[in-house]
Amino acid sequence: MAVSVEARDGNLNMIGPIVWDKVDLISRYNQVGAWTLTLPATPQNWALANVSNLGILVDWNGVYTFSGYLETWAPSRAIADNGAVIDTITLSGADDLGLIANRIAYPVPASPWAAQTAGASDAQTGVCETVIKHFVNVNAGPGALVARRAPHLTIATDLARGTTVSFTARIQDGTDIALMSIIRLLVATGGPMGVKVTQTGANLVFDVYVPRDLHDLAWFSPQLGNLRTFSLTDSTPTATSALVRGSTAFTEISSADASNAWRHAEVLVDQAGSTDATQMTQAGTDAITQGAGAAQLQLQIVDLPLLRFGADYGLGDRVTVEIRNGVSYADIVTAVQLVADSSGSNYVETVTPTIGAAGSDSSGDATATARLAAEVRALRKALQRLQAV
């Protein structure tokens with residue numbers, strides 16, 4: 001198999017292969033991914049400028065498919081040391097999950113923004129998949145106002161996966177109603193669960209999936225040759241006790257660090273308009289998550305023939321990293337960078353997963369950053385004990 005890139009138009013019609021020098025893809029767990037293509041400035045590639053709402057569909061060696069839409073077109077010219085003129089075209093954009101991220105949840109999805117009212121709300125309680133697909137459908141899918149529908153977006157059949165969650169979309173201080181923020185909040189309570197948008201023929205299909213626990217099967221270590229470097233940081237959390245104020249009740253959500261007087265930090269979470277115990281708990285949990293501190297394990301991983309991204313593990317799957325003999329850490333795959341480069345004398349492919357909440361991109365998502373902060377800190381203690389022996 002090989003890496004292939006096809007161009008598509010705004011109606012998802014495939015218009016032919018793209019000749020490229022370099023493909024750089026970044027897929028992220030429950031976050032919008034990104035892509036960059038570096039192209040030779042051939043007449044065929046210049047013609048792509050005339051394609052309305054250009055997008056791409058990438059087949060990565062038959063094991064992973066990536067699709068996205070164009071955001072930036074950047075032609076450039078450089079003069080080489082030997083005086084040769086090098087013209088290139090750089091295309092970049094978001095993966096198709098960006099269509100979901102570009103929407104908020106209306107309190108009254110059937111009404112336009114000008115008809116929304118201050119007291120209106122869209123309150124949903126149910127299993128995680130059902131609630132997620134409701135908010136996506138009525139704000140970006142076929143159930144949304146025509147003007148708000150994401151192009152060609154359909155919603156996969158609801159299989160009612162996950163546990164019970166609750167969320168109320170309303171215009172209120174402290175309530176984030178961006179669709180991806182809602183999804184991550186619901187997944188933190190009702191998951192684990194991942195979301196994706198996949199191009200299938202003339203449709204972009206939104207669906208959820210349940211990540212796998214592969215910590216006994218997918219293993220990264222220096223001995224295996226797929227763990228190159230690591231660094232571990234741990235800073236004090238900014239929230240260990242979330243004091244949630246409801247309309248008639250008060251709830252406290254605490255983290256494992258709350259019992260440590262040196263790290264104890266209280267924050268007030270205002271849910272004065274809510275009587276829903278599930279939603280109050282979610283709000284407190286989210287506050288603890290966002291204030292968990294920068295417990296990060298930064299890794300440089302490489303794929304091996306028997307442990308390949310897309311074939312043997314994927315986004316959201318739980319894998320194991322052995323930092324040193326006897327010290328291992330199980331965490332989720334939060335991102336992967338796929339690069340195919342034919343611009344040099346040798347063709348090179350690299351696959352670099354991110355395990356845990358490391359890296360500038362995933363660390364911007366507070367939910368992902370703090371998801372397993374307690375386990376990272378336990379790893380730090382294990383390394384300290386090993387050093388003391």
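Basis for what follows: all heavy atoms, side chains included, without hydrogens, waters or symmetry-related copies.
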Check whether any side-chain heavy atom of [X] sits under 4.5 Å from a side-chain heavy atom of [Y], and report yes or no.
X: Met14; Y: Gln199; value: yes
X: Pro112; Y: Tyr106; value: no
X: Trp73; Y: Ser92; value: no
X: Lys22; Y: Leu39; value: no
X: Leu48; Y: Ile18; value: yes
X: Val319; Y: Val333; value: yes
X: Ser4; Y: Val58; value: no
X: Leu243; Y: Val269; value: no

- Can the ring centres of Tyr313 and Phe220 be said to be less than 6.0 Å apart? yes
- Item | Ring centres under 6.0 angstrom apart (Phe66, Trp60) |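 They do not qualify: ring centres at least 6.0 Å apart.
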[X] [atom1] to [Y] [atom2] distance, which is reported to the nearest 0.5 Å:
X: Asp96; Y: Leu99; atom1: CG; atom2: CG; answer: 5.5 Å
X: Asp207; Y: Ile155; atom1: CG; atom2: CD1; answer: 9.0 Å
X: Glu266; Y: Thr238; atom1: CD; atom2: OG1; answer: 13.0 Å
X: Leu12; Y: Leu204; atom1: CG; atom2: CG; answer: 5.0 Å
X: Cys128; Y: Leu186; atom1: SG; atom2: CG; answer: 5.5 Å
X: Asp122; Y: Ile177; atom1: CG; atom2: CD1; answer: 10.5 Å

- Residue list, side chain to side chain donor-acceptor pair (under 3.5 Å) with Asn139, at least two apart or on another chain: Arg148
- Item | Members sharing Val108's hydrophobic cluster (side chains within less than 4.5 Å) |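 Its cluster partners, ordered by chain and number, are none at all.
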- Message: Taking transitive links into account, so neighbours of neighbours count too, which hydrophobic residues share a cluster with Leu159 at under 4.5 Å side-chain distance?
- Response: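 Other cluster members: none.
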Do [X] and [Y] land in one hydrophobic cluster if side-chain heavy atoms of ILVMFWY residues count as linked below 4.5 Å?
X: Leu179; Y: Tyr69; result: yes
X: Leu54; Y: Leu37; result: yes
X: Val205; Y: Val210; result: no
X: Leu224; Y: Ile355; result: no
X: Leu57; Y: Leu338; result: no

- Query: More than 12 foreign heavy atoms under 6.0 Å from CG of Leu306: is that the case here?
  - Reply: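 Open: at most 12 neighbouring heavy atoms sit under 6.0 Å from CG of Leu306.
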- Item | Other residues, nucleotides, ligands: >12 heavy atoms within 6.0 Å of Asn82 CG |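 Correct, the count exceeds 12.
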- Query: Between Trp20 and Tyr347, what is the ring plane arrangement, given parallel below 30°, perpendicular above 60°, and tilted in between?
  - Reply: tilted
- Quick one: sort the Phe167 and Phe135 rings into parallel, tilted or perpendicular, breaks at 30° and 60°. perpendicular
Look at the side chain of [X] and the backbone N and O of [Y], then say whether any donor-acceptor pair between them is shorter than 3.5 Å.
X: Asp317; Y: Ile332; result: no
X: Arg77; Y: Asp87; result: no
X: Glu129; Y: Arg161; result: yes
X: Arg184; Y: Asn30; result: yes
X: Asp303; Y: Phe309; result: yes
X: Thr90; Y: Thr38; result: no
X: Gln172; Y: Gly119; result: no
X: Thr130; Y: Gly126; result: no
X: Asp312; Y: Arg308; result: yes
X: Asn45; Y: Pro40; result: yes

- Query: Does a salt bridge link Asp158 with Lys133, judged by any charged N lying under 4.0 Å from a carboxylate O?
  - Reply: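 Result for this pair is no, no salt bridge flagged.
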- Item | side-chain hydrogen bond (donor to acceptor under 3.5 Å, both in side chains) between Ser76 and Thr88, worked out | CA-CA 5 Å; Ser76 62; Thr88 58; 2.9 Å; yes
- Evaluate the side chain to side chain contact (heavy atoms under 4.5 Å, CB included) criterion for residues Val127 and Thr163: first the C-alpha distance (whole Å), next the side-chain angles of each, then the deciding distance (0.1 Å), finally the verdict. CA-CA 5 Å; Val127 295; Thr163 58; over 6 Å; no
Can you give me the closest heavy-atom contact between [X] and [Y], atom names plus distance?
X: Gly284; Y: Ile253; value: CA-CG1, 3.9 Å
X: Val32; Y: Ala94; value: CG1-CB, 3.8 Å
X: Pro211; Y: Gly316; value: CB-O, 2.9 Å
X: Ser254; Y: Ser241; value: OG-OG, 3.6 Å

- Take Arg28 and Thr334 through the test side chain to side chain contact (heavy atoms under 4.5 Å, CB included) and record every step on the way to the result. CA-CA 6 Å; Arg28 302 183 179 104; Thr334 54; over 6 Å; no
- Query: Do you know which of Val23, Val5, Leu70 makes side chain to side chain contact (heavy atoms under 4.5 Å, CB included) with Trp35?
  - Reply: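 Testing Trp35 for a side chain to side chain contact (heavy atoms under 4.5 Å, CB included) against Val23, Val5, Leu70 leaves exactly one candidate, Leu70.
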- Could you give me the CA-CA distance, side-chain angles and deciding distance for Thr198 and Thr65, then say whether side chain to side chain contact (heavy atoms under 4.5 Å, CB included) is met? CA-CA 8 Å; Thr198 305; Thr65 300; 5.7 Å; no
- Verdict with reasoning, Ser166 to Thr125, per side-chain hydrogen bond (donor to acceptor under 3.5 Å, both in side chains): CA-CA 4 Å; Ser166 179; Thr125 298; 3.1 Å; yes
- Message: If the test is side-chain hydrogen bond (donor to acceptor under 3.5 Å, both in side chains), which one of Asp24, Thr354, Thr352, Thr350 qualifies with Gln337?
- Response: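 Exactly one pass, corresponding to Asp24.
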- Derivation of the side chain to side chain contact (heavy atoms under 4.5 Å, CB included) call for Val339 and Val351: CA-CA 7 Å; Val339 177; Val351 180; over 6 Å; no
